[in-house]
Student: 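One structure, as structure tokens, below. Some questions next.
Only heavy atoms go into these numbers, but all of them, side chains included; no hydrogens, no water, no symmetry mates. Bear in mind the structure is a predicted one, so any value in this text is a computation, not a measurement. First listed ligand is number 1; within each ligand, the first listed atom is number 1.
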Amino acid sequence: MHIFHLSAECYPAAKVGGLGDVVGALPKYLNSAGVKATVVMPYYEKPFVINHSLERVFEGSFTLREEHISFKILKEASDSLGFDLYLIYIPGLLDRPEVYSYPDEHVQFIAFQIAFLEWILKQTERPSILHCHDHHTGLIPFLVNNAYRYSALKKTPTVFTIHNAQYQGIIGWENADYLPQFDPWKAGLLDWDGRINPLAAAVKCCWKYTTVSPGYMNELPVNNSGLQELFRMEHKKGSGILNGIDTDIWNPSDDKYLIQPYSADTVENGKYANKERLCHEFSLDVKTPLISFIGRLAGEKGADLLPAIITDALETSPLDVNFLILGSGDYFIENSLAELKQRYPAQCAVYIGYNEELSHRVYAGTDFLIMPSRVEPCGLNQLYSLRYGTMPLVSRVGGLNDTVVDFDEFEDGYGICFETATVAQASQAIRRAINLFGDTVKLNGFRKQMMALDFSWQHAAQQYIDLYNTLKPV
Ligand code: ADP
Ligand code: GLC
């Protein structure tokens with residue numbers, strides 16, 4: 001069995017969020033479990049391509065509308081990732097510094113998918129399964145079934161993983177001629193609400209789809225993605241498999257970014273040393289409880305609530321607590337956080353931007369991590385946080401609800417949960433965290449307990465293998 005993963009992101013080549021982490025880890029764990037897994041992604045002009053040697057393995061071309069497009073398939077040559085990584089190079093279309101947010105993003109990802117299929121078509125050894133991730137690769141299940149040119153791939157099973165159904169890649173029908181010719185009777189498979197919807201098309205056409213937690217699987221038929229009806233109709237094809245974490249990379253006892261690595265036995269001193277360094281860097285008092293947020297500054301993450309949550313804690317209450325925010329995204333949220341930093345320089349630190357190294361240091365050095373998400377298909381931050389002995393404060397949604405157990409509710413609990421993402425409920429959770437901070441013995445007990453939890457990929461990789469084994473080419 002040889003699984004080809006197709007994705008817009010793959011750590012360490014390109015990561016914007018959790019998709020990159022998952023696609024950079026799952027294939028590695030599949031390979032160690034004896035199932036060959038390969039990743040194919042666009043070639044971006046990122047530091048990765050400068051620091052790694054790439055070997056050209058294929059050259060091809062296709063027509064996109066009227067335009068002749070040449071592409072190259074480049075293989076990462078070091079063999080150090082734990083899986084084979086192929087980058088599709090299309091000058092002018094894929095060799096960009098950023099992954100997303102270009103006005104012609106739809107053309108970028110359509111070209112990526114066509115180039116992939118062109119390459120595979122010419123190979124004598126074909127993939128056993130095409131595993132597509134999110135809407136950027138969502139046209140592939142449709143194209144292998146319905147595009148005349150790819151009829152030789154029709155029998156190849158397709159798996160589609162939904163990391164986030166809020167993003168669907170919707171485009172107007174005037175873009176249909178970017179796609180290779182397909183059976184016009186099948187056009188309805190691409191359609192949702194009168195537009196081409198790659199996420200919906202993938203759900204309709206794939207052999208099986210998965211979501212990144214069982215909780216999110218149950219939410220999709222009722223949440224507000226606009227595709228509820230589709231998920232109700234197709235639910236028999238779906239299953240929820242909780243993401244794992246790459247414990248080689250996220251390992252507090254061997255993390256090159258930490259000033260003092262630590263294990264569960266040394267967690268109290270280890271976390272204190274890391275907090276001291278972090279607080280020094282951001283001019284915060286080390287003795288005060290520190291609550292951090294890491295992530296995309298977007299409504300689904302509840303990031304727009306942070307200014308009100310922080311103001312409530314520091315002004316209305318006021319509580320003895322500090323905050324550290326690491327994130328980027330919505331311009332208005334970025335601005336209001338920058339204002340907060342001005343208003344409370346000694347209690348609120350804000351780093352606007354993406355910083356992988358700093359994220360490791362925050363997971364290690366902060367006392368609590370807050371995630372007031374409105375939508376959270378899985379969430380990796382709370383899993384990293386648990387691994388670093390940092391208590392998560394989470395809203396009860398999707399994967400957060402599947403992975404964090406409230407310590408007041410269950411004897412074996414280890415986190416703080418709140419029903420919905422509101423300022424009042426998050427503020428209540430913060431009060432509980434501050435109380436717990438005052439009880440060092442109890443807090444350190446939880447830290448050891450959290451660090452002993454196992455959210456590694458081994459278990460999830462096996463669930464994917466079981467799923468792959470049910471898919472036999474017809
Ligand atoms: P999502 O994929 O929805 O953004 P996840 O919780 O699945 O959320 O994963 C987010 C990943 O991105 C984690 O690895 C997190 O540490 C990382 N991350 C998010 N924002 C930043 C940032 N500003 N700097 C560094 N890492 C970040
Ligand atoms: C998405 C989701 C996030 C999930 C990640 C990895 O970006 O928003 O919840 O953890 O994908 O699957």
Student: Which of the numbered atoms in ligand 2 are under 4.0 angstrom from any heavy atom belonging to Arg296?
Tutor: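 In order of number, 8 (O).
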
Student: Between Phe407 and Arg432, is there a cation-pi geometry (under 6.0 Å to ring centre, at most 45° from the normal)?
Tutor: yes

Student: Keeping the roles fixed (side chain from Asn381, backbone from Ile294), state whether a donor-acceptor pair exists under 3.5 Å.
Tutor: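 A pair under 3.5 Å: yes.
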
Student: Quick check: Val212 and ligand 2, any N/O pair under 3.5 Å apart?
Tutor: no

Student: Is it the case that ligand 2 has an N or O less than 3.5 angstrom from some N or O of Val22?
Tutor: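 N/O-N/O distance under 3.5 Å: no.
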
Student: Are any side-chain N or O atoms of Glu105 and backbone N or O atoms of His136, one a donor and one an acceptor, separated by less than 3.5 Å?
Tutor: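 No, Glu105 side chain to His136 backbone: no donor-acceptor pair under 3.5 Å.
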
Student: Any side-chain donor-acceptor pair under 3.5 Å between Glu9 and Tyr11?
Tutor: no

Student: Distance under 4.0 Å, heavy atoms only, partner ligand 1: which residues pass?
Tutor: Lys15, Gly17, Gly18, Asp21, Ile294, Gly295, Arg296, Lys301, Leu326, Gly327, Gly353, Tyr354, Asn355, Glu356, Ser359, Tyr363, Gly379, Leu380, Asn381, Tyr384

Student: Can you find a side-chain donor-acceptor pair between Ser128 and Lys36 that sits under 3.5 Å?
Tutor: no

Student: Looking only at side chains, do Thr210 and Thr161 share a donor and an acceptor under 3.5 Å apart?
Tutor: yes

Student: Does Val375 approach ligand 2 within less than 4.0 angstrom via side chain, backbone, both or neither, non-hydrogen atoms only?
Tutor: neither

Student: Of all the atoms in ligand 2, which lie at a distance below 4.0 Å from a heavy atom belonging to Leu19?
Tutor: 6 (C)

Student: Take Ser395 and Leu400, measure what side chain to side chain contact (heavy atoms under 4.5 Å, CB included) needs, and give me the verdict at the end.
Tutor: CA-CA 7 Å; Ser395 53; Leu400 298 178; 3.9 Å; yes

Student: Apply side chain to side chain contact (heavy atoms under 4.5 Å, CB included) to Thr247 and Tyr29, showing your working.
Tutor: CA-CA 11 Å; Thr247 46; Tyr29 287 85; 3.6 Å; yes

Student: Look at atom 1 (C) of ligand 2 and say which protein heavy atom is nearest, naming residue and atom and giving the distance to 0.1 Å.
Tutor: His163 O, 3.1 Å

Student: Of the side chain and backbone of His133, name the one, both, or neither that has a heavy atom under 4.0 Å from an atom of ligand 2.
Tutor: neither

Student: Please list the nearest protein heavy atom to atom 4 (C) of ligand 2 with its residue and the distance rounded to 0.1 Å.
Tutor: Gly379 N, 3.6 Å

Student: Report the relative orientation of the aromatic rings in Tyr43 and Tyr89; use parallel for angles under 30°, tilted for 30 to 60°, perpendicular for over 60°.
Tutor: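 Tyr43 and Tyr89: perpendicular rings.
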
Student: Just which atoms of ligand 2 are under 4.0 Å from any heavy atom in Asn243?
Tutor: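 Numbered from 1, ligand 2 contributes 6 (C), 10 (O), 12 (O).
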
Student: How close does the nearest protein non-hydrogen atom get to atom 3 (C) of ligand 2, and which residue and atom is it?
Tutor: Glu376 OE2, 3.5 Å

Student: Test your reading of the model: is there a side-chain donor-acceptor pair from Gln425 to the backbone of Glu419, 3.5 Å cut-off?
Tutor: yes

Student: Which ligand 2 atoms does Asn164 reach within 4.0 Å, using its non-hydrogen atoms?
Tutor: 8 (O)

Student: Have Asp255 and Tyr363 got a donor and an acceptor in their side chains that come within less than 3.5 Å?
Tutor: no

